[in-house]
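See below for the structure under consideration.
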2 protein chains.
Amino acid sequence: MTIQEAAQRSGLSAHTLRYYERIGLIHSVGRNSSGHRDYAERDLQWLAFLTKLRTTGMPIADMCRYAELSRAGAHTAGERRAMLERHRERVLARIAELSQDLTALDYKIEMYKGVS
Amino acid sequence: MTIQEAAQRSGLSAHTLRYYERIGLIHSVGRNSSGHRDYAERDLQWLAFLTKLRTTGMPIADMCRYAELSRAGAHTAGERRAMLERHRERVLARIAELSQDLTALDYKIEMYKGVS
DNA sequence: ATTTGACCTGGAGTGCACTCCAAGCGGCAG
DNA sequence: CTGCCGCTTGGAGTGCACTCCAGGTCAAAT
């Protein structure tokens with residue numbers, strides 16, 4: 001599939017897809033006879049996973065590290081899992097923080113309701 | 001209180017406090033006889049509120065708008081409340097998104113557990 | 001044959017939110 | 001009186017994650 005289709009389906013821009021490949025986040029996207037990228041279903045799945053890491057706030061540098069480990073083979077599975085578990089804790093903490101701040105926000109909104 | 005004390009107590013850096021004042025997020029911080037900033041308890045409260053808006057992801061530009069409205073007087077209360085309610089929705093949506101992605105992350109971690 | 005349009009590359013530019021720097025001032029310890 | 005420290009200012013620099021540009025290739029349409 002072309003880069004535009006992949007962009008459409010992944011929700012990332014074509015620019016971002018090229019950028020991700022350049023920095024090593026996506027490995028070995030196929031090329032067709034004229035040198036254009038040709039994304040496979042596997043690439044889309046990987047992209048979907050990357051997108052989850054991104055939207056949950058993992059820095060690009062960490063994602064690169066994860067991608068590198070994935071490329072290195074099965075013996076890195078433990079380290080990858082550890083990365084995900086650390087990340088999981090951060091996401092959990094972030095949800096807790098947001099929930100806390102939401103309560104404060106609600107309180108503030110209530111104050112506006114009381115006044116008007 | 002000095003800028004260092006205010007930094008300590010707000011959790012922001014002195015750099016950031018000056019920056020926030022410069023862009024109009026904090027209005028009229030007092031100065032002492034030698035021209036140094038002298039933060040009052042009120043400023044700390046305002047800073048704590050700003051910090052909640054920031055950590056929940058409100059862009060600086062929106063916070064400036066809110067600060068501007070606050071300065072403009074009581075007749076802007078409705079608009080301020082509307083801003084907070086819109087922001088509340090975004091925070092809620094963000095929590096929902098994070099929770100969703102957390103589930104996917106958990107699933108991925110389970111897969112690693114199954115393998116190792 | 002030429003135009004069009006999607007794609008390629010390396011490198012430069014952008015926006016956000018800080019973060020730091022240089023030059024200077026005020027107060028106080030030695 | 002000198003040195004130092006913490007503060008002041010305007011302006012420049014930084015890091016992150018894109019985002020865009022220039023110049024070029026290729027295949028299909030006119």
Side-chain angles (χ1 to χ4, degrees), chain A residues 1-40 43-44 46-68 87 90 94 97 101, chain B residues 1-40 43-44 46-68 87 90 94 97 101:
Chain A
M1 115 195 40
T2 69
I3 194 165
Q4 284 308 332
E5 286 165 343
Q8 194 99 67
R9 290 190 43 195
S10 66
L12 298 166
S13 73
H15 287 310
T16 301
L17 289 179
R18 290 195 201 95
Y19 165 66
Y20 277 9
E21 191 176 336
R22 188 176 356 167
I23 63 176
L25 266 182
I26 320 172
H27 193 52
S28 71
V29 174
R31 304 293 149 126
N32 67 16
S33 56
S34 40
H36 292 193
R37 287 172 182 78
D38 182 11
Y39 290 84
D43 298 321
L44 267 284
W46 174 244
L47 242 10
F49 176 60
L50 286 183
T51 300
K52 283 205 193 317
L53 295 183
R54 267 307 291 136
T55 61
T56 49
M58 183 181 283
I60 293 277
D62 291 9
M63 290 166 59
C64 286
R65 172 85 185 126
Y66 187 95
E68 197 185 332
H87 184 55
R90 282 191 294 267
R94 180 75 182 124
E97 187 191 24
D101 290 353
Chain B
M1 111 194 45
T2 70
I3 194 165
Q4 285 308 332
E5 286 165 342
Q8 195 99 67
R9 290 189 43 194
S10 67
L12 299 166
S13 72
H15 287 312
T16 302
L17 289 179
R18 290 194 200 96
Y19 166 65
Y20 276 10
E21 190 175 336
R22 187 173 1 163
I23 64 175
L25 266 183
I26 320 172
H27 192 50
S28 69
V29 174
R31 305 293 150 124
N32 67 16
S33 55
S34 39
H36 292 192
R37 286 173 182 76
D38 182 11
Y39 289 85
D43 298 321
L44 268 284
W46 174 243
L47 241 12
F49 176 60
L50 286 183
T51 300
K52 283 204 193 317
L53 295 183
R54 268 308 292 139
T55 62
T56 49
M58 183 181 283
I60 293 276
D62 291 9
M63 290 166 60
C64 285
R65 172 83 185 130
Y66 187 94
E68 197 185 331
H87 184 56
R90 282 191 294 267
R94 180 77 182 124
E97 186 190 25
D101 290 353

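Just so we're on the same page: letters track the sequence lines, and every chain starts at 1. Everything quoted here is computed from the prediction, not taken from an experiment.
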Grab the two heavy atoms, one from [X] and one from [Y], that are nearest each other, plus how far apart they are.
X     : Y     : result
A:L50 : A:M63 : O-CE, 3.5 Å
A:Y39 : A:T2  : CD1-O, 4.0 Å
A:A7  : A:A14 : CB-N, 3.8 Å
A:A67 : A:G24 : CB-O, 3.8 Å

- Of the options A:T56, A:T51, A:T55, which is the one that meets B:D101 in a side chain to side chain donor-acceptor pair (under 3.5 Å)?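 Result for side chain to side chain donor-acceptor pair (under 3.5 Å) with B:D101: A:T55.
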- Item | B:L25 side chain reached by B:W46 side chain, heavy atoms, under 4.5 Å |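 SC-SC contact between B:W46 and B:L25 ruled out.
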- Task: Side-chain contact test, heavy atoms from C-beta onward, threshold under 4.5 Å: evaluate it for A:H87 versus A:D62 and give yes or no.
- Result: no
- Which nucleotide span of DNA chain C, 5' end to 3' end, has atoms closer than 4.0 Å to non-hydrogen atoms of chain B? C:dA17 to C:dG26
- Counting any heavy atom closer than 4.0 Å, what does A:R22 reach on the DNA or RNA strands: base, sugar-phosphate only, or nothing? base
- Contact residues, residues 10-18 of chain B to DNA chain D [heavy atom, < 4.0 Å]: B:R18
- Inter- and intrachain pairs under salt bridge (Lys or Arg N to Asp or Glu O under 4.0 Å), touching residues 22-40 of chain A, at least two apart: A:E21-A:R31, A:E21-A:R37
- Whole-Å distance between D:dC7 P and B:Y39 OH? 10 Å
- Interatomic distance where CG belongs to B:N32 and C1' belongs to D:dG6 [whole Å]: 11 Å
- Query: Who pairs with A:Y66 by ring pair (Phe, Tyr, Trp, His ring centres under 6.0 Å), at least two apart in sequence or on another chain?
  - Reply: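 Once residues adjacent in sequence are excluded, the partners of A:Y66 under the ring pair (Phe, Tyr, Trp, His ring centres under 6.0 Å) criterion are A:F49.
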- Query: For A:R94, what residues pass the salt bridge (Lys or Arg N to Asp or Glu O under 4.0 Å) criterion, not counting sequence neighbours?
  - Reply: A:E97
List every contact pair, protein side and nucleotides 25-30 of chain D side both N or O, where the distance is under 3.5 Å.
none

